[in-house]
Undergrad: 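Dropping the structure in here first, questions after.
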Amino acid sequence: MSEEKSLNFIEEIIEEDLRSGKHSSILTRFPPEPNGYLHIGHAKSICLNFGLAIKYGGGTNLRFDDTNPVTEETEYVDSIKEDIKWLGFNWTKELYASDYFEQLFAYAVTLIKKGLAYVDDSSSEQIAAEKGSPTQPGIENKFRSRTVEENLQLFADMRAGKYADGEKVLRAKIDMSAPNMHMRDPLLYRIKHAHHHRTANDWCIYPMYDFAHGQSDSIENITHSICTLEFIPHRPLYEWCIEQLGIFPSRQYEFARLNMTYTVMSKRKLLQLVNENHVTGWDDPRMPTISGLRRRGFTPESIREFCDRIGIAKRDNLIDVGLLEFCVREHLNRVAQRRMVVFDPLKIIITNYPDTEELFPTEDNPEAAEKTYRHLPFTKELFIERDDFMEVAPKKYFRLAPGAMVRLKSAYIIKCDTVIKDENGNVTALECTYIPESKSGSDTSGINVKGTLHWVSAKHAVNVEVRLYDRLFRSENVAAEEGDFKDNINPDSLQVIQNAYAEPALLQSDLQERYQFLRKGYFCLDKDSTAEKLVFNRTVTLKDTWAKETRKA
RNA sequence: UGGCCUAUGGUGUAAUGGUAACACAGCAGAUUUUGGUUCUGUUAUUCUUGGUUCGAGUCCAGGUAGGCCAACCA
């Protein structure tokens, strides 16, 4: 296999590091905060971090960045682990920043002893004011000149619980006039008398991100610490801490996060959608979460393929959600079981067909290397899709119309003779005749029809519920929209068809299997299904060039 | 009125000083017992102004545009 796919900029750095001998192997990490569910943007990062380790023969740690007990929960830890595994990746070690609290505390003491950190009694408002602004340098306050001994004592007292939340903080002593705001004496520790999901009540002071992340990387000997662009201004601080502490020099590299059309990608906004019941939960099939996509019927393969195709770079991007849909169609076309389901039934009566039934074999998947077949019961009363019939058909319409002929998939060619209407003029049924010589597989009729319709035998039809999803937001670039993003929610993102008619084979469905409802789209069984009623989620529609054609007209 | 990052078809991503390419989307056609799939063809790209060079998407300088940074969040 000699595919010469070009390297992204991180792969180039790694190859150079390996070539130069800077590293003999690599170690990456995926560092989620357990305060929400993973989404497709995380999938990009997961595929990158784990993919790199697989490609270059290294490892990837799963490290929960759990330094803020107020927002973090075990439920999120569990969901994150499940999602990563489902995506198909295995971590080298499962770790927690909270595992390092004692070590991080010791690092802080080291900084204090070197005169590089101090306890500040100021309020958060005061600290913010003294910090200045991007265009205005900050000012140094009186606490900055405390002695090492005093700082040591105060910091120990902070840990001992002598102070209330917000009463004191530990800050690095760097440069209050630095052009980079993050270097203006950043906070290292704050007091939070809060229960932590792992350390319980052992601690009442917690390290900030900047004093936990880099050091955790270093403790684990992470060689390449890959994060998103907004952490670029943190890098000087990341390196400052490592240098002052004299610990293993992990290096941080930044790539552009994923943005997708018609989608929001921030945990804060996703949490809002869940809490305010705009969706049914984190795994609502309309959510861009991994669990939502999973429930919707997306496959790990298709998500990995998507992440591969979008690439890794440093410029802001807005990926067309259509690319994700392309990837899942591409995979599902290969693996999905074909089934016939009529969403909006129109009865047809085949007047010249006897009162018996026939069984027609039909392929489960025409793309499969080894074909399997199931049998469709055929009777004189069938359902077809209502919009597969038009009383007055336009040119190029090759479905059913008065006097027109179509093939019923895997069965006979039929001709529409009579349109039956109720007193209001609504079409209630069609009387048709079939061509006995046109039997599928042994057609001697010589008749060529352009259209093939899906159908179910009325007598054998199974009632199922079908949920059709559309994009959750109306605007292509939701983030660029003014005002509350929730004003942009698509009110028609879910359409439920309570009584669709399915072929009997669908009764043997299971949650793992993927289906293509012929001419309709790809579907999967939903966990809401009961013994009385099966529920199917539409993953994605089939490409519909006819719909496009009619839209143009 | 500071610092940092980034500018390549509609959307992404390549081209590593030497013919601007690939995918998705679009358009046109062929095949098709899914208006699916598959196949063929095709439209369309280097932000701008200078400079260096035999040669610049690539290097340098200025400009412009977009993004990020002033949470006791990560």
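Below, chains carry the letters A, B, ... as their sequence lines are ordered, and counting in each starts from 1.
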Undergrad: Determine whether any donor atom in the side chain of Gln516(A) lies under 3.5 Å from an acceptor atom in the base of U34(B), or the reverse, and answer yes or no.
TA: yes

Undergrad: Rounded to whole angstrom, note down the P distance from C73(B) over to A14(B).
TA: 36 Å

Undergrad: Centroid-to-centroid, Tyr412(A) to Tyr434(A), below 6.0 Å?
TA: yes

Undergrad: Tell whether Ser410(A) reaches the base of U33(B) with its side chain through a donor-acceptor pair below 3.5 angstrom.
TA: no

Undergrad: Which one, U8(B), C69(B), U34(B), comes nearest to the side chain of Arg315(A)?
TA: U8(B)

Undergrad: For Gly311(A) and Lys314(A), find the nucleotide of RNA chain B closest to each by heavy atoms; which residue's nucleotide sits nearer the 5' end?
TA: Lys314(A)

Undergrad: Quick one: label Phe398(A) by what it contacts on the DNA or RNA (base, sugar-phosphate, nothing), any heavy atom closer than 4.0 Å.
TA: base

Undergrad: Of the nucleotides G35(B), G36(B), C69(B), which has the atom closest to the Pro233(A) side chain?
TA: C69(B)

Undergrad: Kindly compute the distance separating CZ (Phe485(A)) from CZ (Phe473(A)), expressed to the nearest 0.5 Å.
TA: 5.5 Å

Undergrad: Considering every strand and a 4.0 Å limit on heavy-atom distances, what is the contact class for Thr261(A): base, sugar-phosphate, or nothing?
TA: nothing

Undergrad: Which base, if any, makes a Watson-Crick or G-U wobble pair with G26(B), both distances under 3.5 Å?
TA: U42(B)

Undergrad: Can you confirm whether more than 12 heavy atoms, excluding those of Lys269(A), are under 6.0 Å from its NZ atom?
TA: yes

Undergrad: Under a 3.5 Å cut-off for both contacts, is U33(B) paired Watson-Crick or G-U wobble with anything, and if yes, with which nucleotide?
TA: none

Undergrad: On the nucleotide A74(B), are OP1 or OP2 found under 4.0 Å from the side-chain N or O atoms that Arg268(A) carries?
TA: no

Undergrad: With a 4.0 Å cutoff (strictly under), does any side-chain N or O of Thr545(A) reach OP1 or OP2 of G36(B)?
TA: yes

Undergrad: Are His234(A) and Tyr238(A), when compared by the centres of their aromatic rings, separated by less than 6.0 Å?
TA: no

Undergrad: On the six-membered ring of Tyr206(A), is Lys192(A) placed so that its NZ or CZ lies under 6.0 angstrom from the centre and within 45° of the ring axis?
TA: no

Undergrad: Please work out if Tyr209(A) contacts a base, only the sugar-phosphate, or nothing of the nucleic acid, heavy-atom cut-off 4.0 Å.
TA: base

Undergrad: For Leu187(A), which contact category applies under a 4.0 Å heavy-atom criterion: base, sugar-phosphate, or nothing?
TA: base

Undergrad: CD1 of Ile310(A) versus P of A23(B): gap in Å, rounded?
TA: 18 Å

Undergrad: Look at the side chain of Arg407(A) against the base of U33(B) and say whether a donor-acceptor pair falls under 3.5 Å; ignore hydrogens and angles.
TA: yes

Undergrad: Taking the six-membered ring of Tyr96(A) as reference, does the NZ or CZ atom of Arg198(A) fall below 6.0 Å from its centre and within a 45° cone about the axis?
TA: yes

Undergrad: What about Arg329(A), does its side chain sit under 3.5 Å from the base of U37(B) through a donor-acceptor pair?
TA: no

Undergrad: Whole-Å distance between C73(B) P and Phe231(A) CZ?
TA: 14 Å

Undergrad: May I ask you to say what Asn68(A) touches in the nucleic acid, namely base, sugar-phosphate or nothing, with a heavy-atom cut-off under 4.0 Å?
TA: sugar-phosphate

Undergrad: Describe the nucleic acid contact of Leu518(A) in one word from base, sugar-phosphate, nothing, applying a heavy-atom distance below 4.0 Å.
TA: base

Undergrad: Counting only heavy atoms not in Lys162(A), do more than 12 fall under 6.0 Å of its NZ?
TA: no

Undergrad: Just the rounded figure in Å: distance from P of U34(B) to OH of Tyr522(A).
TA: 13 Å

Undergrad: With a 4.0 Å cutoff (strictly under), does any side-chain N or O of Arg190(A) reach OP1 or OP2 of C73(B)?
TA: yes

Undergrad: Under 4.0 Å, heavy atoms only, any strand: does Asp544(A) hit a base, just the sugar-phosphate, or nothing?
TA: sugar-phosphate

Undergrad: Rounded to the Å, how far apart are Lys543(A) NZ and C39(B) C1'?
TA: 12 Å

Undergrad: Roughly how many Å apart are C4(B) and U40(B), using the P atom of each and rounding to a whole number?
TA: 49 Å

Undergrad: Just checking Tyr397(A): base, sugar-phosphate only, or nothing, at a heavy-atom cut-off of under 4.0 Å?
TA: base

Undergrad: Which whole-number value in Å describes the distance from Leu318(A) CG to A25(B) C1'?
TA: 14 Å

Undergrad: Looking for any heavy atom pair under 4.0 Å, which part of the strands does Leu453(A) touch: base, sugar-phosphate only, or nothing?
TA: nothing

Undergrad: Take atom NE2 of His182(A) and atom C1' of C68(B), then tell me their distance rounded to the nearest Å.
TA: 9 Å

Undergrad: Is there a donor N/O on one and an acceptor N/O on the other, under 3.5 Å, for the side chain of Glu367(A) and the base of G36(B)?
TA: yes

Undergrad: Can you tell which of U34(B), C4(B), A14(B) lies closest to the side chain of Ala313(A)?
TA: A14(B)

Undergrad: Within the 4.0 Å heavy-atom criterion, would you say Gly441(A) contacts the bases, only the backbone, or no part of the nucleic acid?
TA: base

Undergrad: With rounding to the nearest 0.5 angstrom, report the CD to CZ distance, Gln516(A) to Arg339(A).
TA: 11.0 Å

Undergrad: Taking for each residue the nucleotide of RNA chain B with the nearest heavy atom, is it Ile127(A) or Asn333(A) whose nucleotide lies nearer the 5' end?
TA: Asn333(A)

Undergrad: Quantified in whole Å, what is the C1' atom distance between nucleotide G26(B) and nucleotide G12(B)?
TA: 15 Å

Undergrad: Does Met208(A) reach a base, just sugar-phosphate, or nothing at all? Heavy atoms under 4.0 Å.
TA: sugar-phosphate

Undergrad: Identify the nucleotide, in any strand shown, that forms a Watson-Crick or G-U wobble pair with A71(B), with both distances under 3.5 Å; if there is none, say none.
TA: none

Undergrad: Quick one: is Ser133(A) getting a side-chain N or O under 4.0 Å of the U1(B) phosphate, OP1 or OP2?
TA: no

Undergrad: Give the rounded distance in Å between these two atoms: CD of Glu73(A) and P of A74(B).
TA: 16 Å

Undergrad: Roughly how many Å apart are G36(B) and U42(B), using the C1' atom of each and rounding to a whole number?
TA: 23 Å

Undergrad: Indicate, with a heavy-atom threshold strictly under 4.0 Å, whether Ser122(A) touches base, sugar-phosphate, or nothing.
TA: base

Undergrad: Considering only atom C1', compute the distance from A74(B) to U38(B) and round it to an integer number of Å.
TA: 47 Å

Undergrad: Can you tell me how far the SG atom of Cys327(A) sits from the CG atom of Asp308(A), to the nearest 0.5 Å?
TA: 9.0 Å

Undergrad: Which is true for Arg309(A) with a 4.0 Å heavy-atom rule: it touches a base, it touches only sugar-phosphate, or it touches nothing?
TA: sugar-phosphate

Undergrad: Base, sugar-phosphate, or nothing: which does His234(A) touch, judged by heavy atoms less than 4.0 Å apart?
TA: base

Undergrad: Separation of Lys520(A) atom NZ from G35(B) atom C1', in whole Å?
TA: 13 Å

Undergrad: Between C24(B), U34(B), C69(B), which one does the side chain of Pro366(A) approach most closely?
TA: U34(B)

Undergrad: Mind checking the C1' distance from G2(B) to U58(B)? Whole angstroms is fine.
TA: 30 Å

Undergrad: Give, for atom CG of Asp65(A) and atom OH of Tyr209(A), the distance between the pair rounded to the nearest 0.5 Å.
TA: 7.0 Å

Undergrad: With a 4.0 Å limit, can you tell me whether Lys548(A) has a side-chain N or O closer than that to the phosphate oxygens OP1/OP2 of C27(B)?
TA: yes

Undergrad: Heavy atoms from C-beta onward define the side chain here; which of G12(B), A74(B), G2(B) lies closest to that of Thr67(A)?
TA: A74(B)

Undergrad: Strictly by Watson-Crick or wobble contacts shorter than 3.5 Å, is anything paired with C47(B), and which nucleotide is it?
TA: G63(B)

Undergrad: Examine C73(B): is either OP1 or OP2 under 4.0 Å from a nitrogen or oxygen in the side chain of Lys192(A)? Give yes or no.
TA: yes

Undergrad: Looking at A20(B), which nucleotide sits across from it as a Watson-Crick or G-U wobble partner, both distances under 3.5 angstrom, or is there none?
TA: none

Undergrad: Taking atom P in both G10(B) and U48(B), what distance in whole Å separates the two?
TA: 13 Å

